Amino acid sequence: MILEIFKIILLISLIVCAIAVFFIKDVLTSIVVFMSYSSIMAVIWILLQAPDLAITEAAVGAGVTSVLFFITLKRINQIDASLNTLDKKKDGDFHEEK
């Protein structure tokens with residue numbers, strides 16, 4: 001019974017992550033949500049008794065792919081722009097232009 005509830009929670013959170021990645025405008029946040037998606041998917045593979053797929057999903061999906069995304073964003077200076085925007089929002093100096 002508890003395992004079934006856990007599976008349902010995992011599936012709902014997997015769907016929420018998939019939809020959230022599509023709608024999130026901030027690239028850095030969407031990468032973090034994508035990492036969460038891959039981690040949840042790895043747990044689901046374990047529950048489906050496929051440990052080889054779980055290890056692959058965790059290593060490639062949450063690990064290597066996310067690191068490559070972060071490196072790419074750093075090279076195009078997108079991370080610095082995102083962090084500056086977050087700092088301005090936190091300080092209250094952020095004024096959205098229309």
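As the structure is a computational prediction, the values presented were derived from the model and not from experiment. Positions are given from 1, in the same order as the sequence printed here.
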- prompt: Would you say the side-chain atoms of S36 pair up with the backbone N or O of V32, donor to acceptor, closer than 3.5 Å?
  reply: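 Yes, S36 side chain to V32 backbone: donor-acceptor pair under 3.5 Å.
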query: Between S66 and M35, is there a donor-acceptor pair closer than 3.5 Å when you use the side chain of the first and the backbone of the second?
result: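 It does not hold such a pair.
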Nearest 0.5 Å, please: how far is [atom2] in [Y] from [atom1] in [X]?
X	Y	atom1	atom2	answer
K74	L28	NZ	CG	11.0 Å
L10	L47	CG	CG	6.0 Å
E57	L53	CD	CG	8.5 Å
Y37	L14	OH	CG	4.5 Å
F34	T65	CZ	OG1	5.5 Å
I76	I71	CD1	CD1	13.0 Å

If you compare all heavy atoms of [X] against all heavy atoms of [Y], which two are closest, and at what distance to 0.1 Å?
X	Y	result
A62	S38	N-CB, 3.5 Å
V33	A20	CG1-CB, 4.1 Å
A54	A42	CB-O, 3.4 Å

Please say yes or no: joined through hydrophobic side-chain contacts below 4.5 Å, possibly via intermediate residues, are [X] and [Y] part of one cluster?
X	Y	answer
I24	V21	yes
I55	V60	no
I12	I19	no
L48	V43	yes
V64	M41	no

- request: Given side chain to side chain contact (heavy atoms under 4.5 Å, CB included), test L11 with I40 step by step and report yes or no.
  value: CA-CA 8 Å; L11 289 175; I40 293 168; over 6 Å; no
- request: Applying side chain to side chain donor-acceptor pair (under 3.5 Å), name anything that partners S13, two or more places apart in sequence or on another chain.
  value: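 S13 satisfies side chain to side chain donor-acceptor pair (under 3.5 Å) with no other residue.
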